[in-house]
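For the single chain, residues carry numbers from 1 onward in sequence order.
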Amino acid sequence: MNPRPARAPRLRTARRVRASLPRAAALFLTLAGILLASLLGGAAPASAHSNLLFTSPASDSTVATAPETLTLLFDEPVSISGTAVKLTGPGDIAVGTAALSHGNRALELPVHGAVDQGIYTVTWQVTAQDGDVMGGSYRYAAGPVTAGLGGGQATDTQGSWPTGVLRGILFAALAAALGEPAATLLLRRIQAAPPRPRSWLPFSAFLGLGACLGLAVLLLGNGSLTAGLTRPDPAVLLSTRPGALAMVETAGFALAAAAKLIRRPGWAWAPLAAVVAAEALRAHPQLANPVIGIPLTLIHLAAAALWAGTLFHVLRTAVAWRHQRPLARAAIAAYSRPALWLVITVAITGLASGLLLIPLKDITTTDYGRALLIKTGLVTAAAVLALAARRHLRRKATPERISRPARVEAVSLVGVLGISALLTVLPLPGSADAPLAFPPPATGPVVPMASLAGEIGVSARASAGQLVVQLVAPEFSDGSGPINDAKFSLTGAIADPDGQTQDLKFRGCGTGCFFTPVTWKDGSSLLSVSPVAGGWRTDRAGLTVAWPPAPAADLLTAAVTAMKAVPSFTLHELVTSDTTQGLGTPMSFEATGADFVRRALYASGTATLTARLPDLDGHRRLTLSYPAENALLELTLADDGRILHETLTAPHHLVTRTLIYPEPR
């Protein structure tokens, strides 16, 4: 046997590896800089797996009366099938049919019979955009019952272990199926090479096909293999995005197996590429930022699969050629050069994906972050082992010394594929500061408030366990229509009836909308908010929250009746659209009570919401809310029901009126 035909390719490959190292380092730094700039400039917050952001009633909260509707808000659109929400608790509970709203980010369940006092448990289950079934539970209390609450709320993946195992098999099969034709192309360059080992492409394709069918059964059963086999829901595969992707992957492996069976292995590339593309369309990064996430996942998965699969088949070939040492060395040398670029690609895209998906502060404190660290360690170990094998190659070591670290490298890559499968089913850490898609619904009675802070209109809504503040800036027109492009931010604090002050941490709930959880104490709390809106003058606004709300429709009726009987009075009025410039120029008018009431929003003696405010200087006070007119009034009443003072707050105006009555004769 003459080993020289294999020696030349081996030496040429080793020289190429040494020559390519500086270029590889330069490419690594260049691509890393481009990707990091893209991530920092355009990455959106990652919120895959549809974390539950908000519930009404809130988790572990107590409401005075049982709610008529349960509301769950998610950070991403979801889909539902079967019984999406279950409510258990004391007494007979009658619920309606769960429905999605607000772009499929809100899940609402009508409640008809949960009227008894006690603790209720809500169990929910939805399907995320990537096809994984998410679920969890939380509790709330109705009436004066708080014992036994606690635990908060969490989001979990239903059927995570079957999904993780099947995804691990799918990734391994994909790597083996892609790696074999790639290894075949590399090893063709070796002259006088004996036959390669028997093809595993059909086995790999059928293994991937079985994994895809198992994942499809999980989808059919809403996260349960048993339900998928006994009570399948075909609509999931036929009418949902995850179902369509599952069918694409199943067809991809089936066609790859068929290509080998009809002796056209080269035809397997296209269906296997479709499998990689389908995975890129369902993976976490595309949910965080489709523009960056889809190509990032496509490149990362293809490079990792080729790295692992090609190494596996090269090692199989080296073992088969072990009695011809120069040829075995040549086989590993042929793999070494493309492997260098695959290592660099996997490292860069993996780093970029990690930065796109999870903040650095969550790396060590969450399951997803810890799994990502383990994957990073395994990739690093595989890269070090790959370099060790290539060093032995350059030093002309024996094939055993070259293949030993390569085998451990292959084992590390198997671990990388397994951790990658686990990462697809682990929920990303939800952020307590993540903005809501729209204002959360009120729970129980509402206390409305409004003010003008500089040029910014402030309207607030206090309800059980929460506060929602809406900011409105003036509009202007450029000829094509009204424009209001202010960028809002909000800070605030609240002083409770006991004098304890705490800063409020707001989260967004739409344009100019801010939400914060608050535990209200009985009595009057003083709310101070300071809005910021680019380009507009702003000021601090002070609001009073009288809790619990006290309905006072009878006082409004009495006030309207009393005013209609007033023959004359003097009206002093101040109007402003910018409180930083004062309350406006004083104006005075003579009027009759009947005319004054006739022009008021409360002329009918009713309001959408009427509530009693704490007395001031011995006078009764009311707050009146008219949401349709986007207006709120505060009235101060004399003992006989006449109006002494009126404040009208609209989005862009603050009107202050004082009524002076003539002395009785």
Mind listing the closest non-hydrogen atom pair of [X] and [Y] along with its distance?
X	Y	value
Pro271	Leu255	CB-CB, 3.8 Å
Ala277	Leu298	CA-CD1, 3.6 Å
Pro234	Leu220	CA-CD2, 3.8 Å
Ala278	Val248	CB-CG1, 4.1 Å
Ala280	Ile294	CB-O, 3.7 Å
Gln125	Ile80	O-CG2, 4.5 Å

To the nearest 0.5 Å, how far apart are [atom1] in [X] and [atom2] in [Y]?
X	Y	atom1	atom2	result
Leu207	Trp200	CG	CH2	10.5 Å
Leu301	Leu178	CG	CG	8.0 Å
Thr349	Ile344	OG1	CD1	11.5 Å
Asn104	Thr127	CG	OG1	11.5 Å
Thr123	Arg139	OG1	CZ	11.0 Å
Leu201	Leu261	CG	CG	8.5 Å

Min side-chain heavy-atom separation [X]-[Y] under 4.5 Å:
X	Y	answer
Thr55	Trp124	no
Tyr138	Leu72	yes
Cys212	Leu170	yes
Thr71	Pro440	no
His300	Glu279	no

Residue pair Val126, Leu107: steps toward the side chain to side chain contact (heavy atoms under 4.5 Å, CB included) verdict: CA-CA 9 Å; Val126 299; Leu107 177 60; 4.0 Å; yes
- prompt: So Arg105 and Val78, side chain to side chain contact (heavy atoms under 4.5 Å, CB included) or not? Walk me through it.
  reply: CA-CA 6 Å; Arg105 296 190 182 196; Val78 299; over 6 Å; no
message: Checking Thr184 against Arg188 for the side chain to side chain contact (heavy atoms under 4.5 Å, CB included) test, could you report, in this order, the C-alpha distance in whole Å, the side-chain angles of both residues, the deciding distance, and whether it holds?
response: CA-CA 6 Å; Thr184 300; Arg188 280 180 180 174; 3.9 Å; yes
Donor-acceptor pair, side chain of Glu180 and main chain of Ser199, under 3.5 angstrom: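 No.
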query: Applying ring pair (Phe, Tyr, Trp, His ring centres under 6.0 Å), which residue pairs with at least one partner in residues 239-271 are found, sequence neighbours left out?
result: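 Residue pairs passing ring pair (Phe, Tyr, Trp, His ring centres under 6.0 Å), neighbours aside: none found.
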query: Do Leu218 and Leu225 pass the side chain to side chain contact (heavy atoms under 4.5 Å, CB included) test, and can you show the C-alpha distance, the side-chain angles, and the key distance before you say yes or no?
result: CA-CA 5 Å; Leu218 279 173; Leu225 284 173; 3.6 Å; yes
Between side-chain atoms of residues 310-320 and protein atoms elsewhere (two or more places apart, or another chain), which donor-acceptor pairs fall under 3.5 Å?
from   : atom 1 : to     : atom 2 : distance (Å)
Thr310 : OG1    : Leu306 : O      : 2.6
His313 : ND1    : Arg316 : NH1    : 3.4
His313 : NE2    : Ala176 : O      : 3.0
Arg316 : NH1    : Arg198 : O      : 3.4
Arg316 : NH2    : Arg198 : O      : 2.9
Thr317 : OG1    : His313 : O      : 2.9

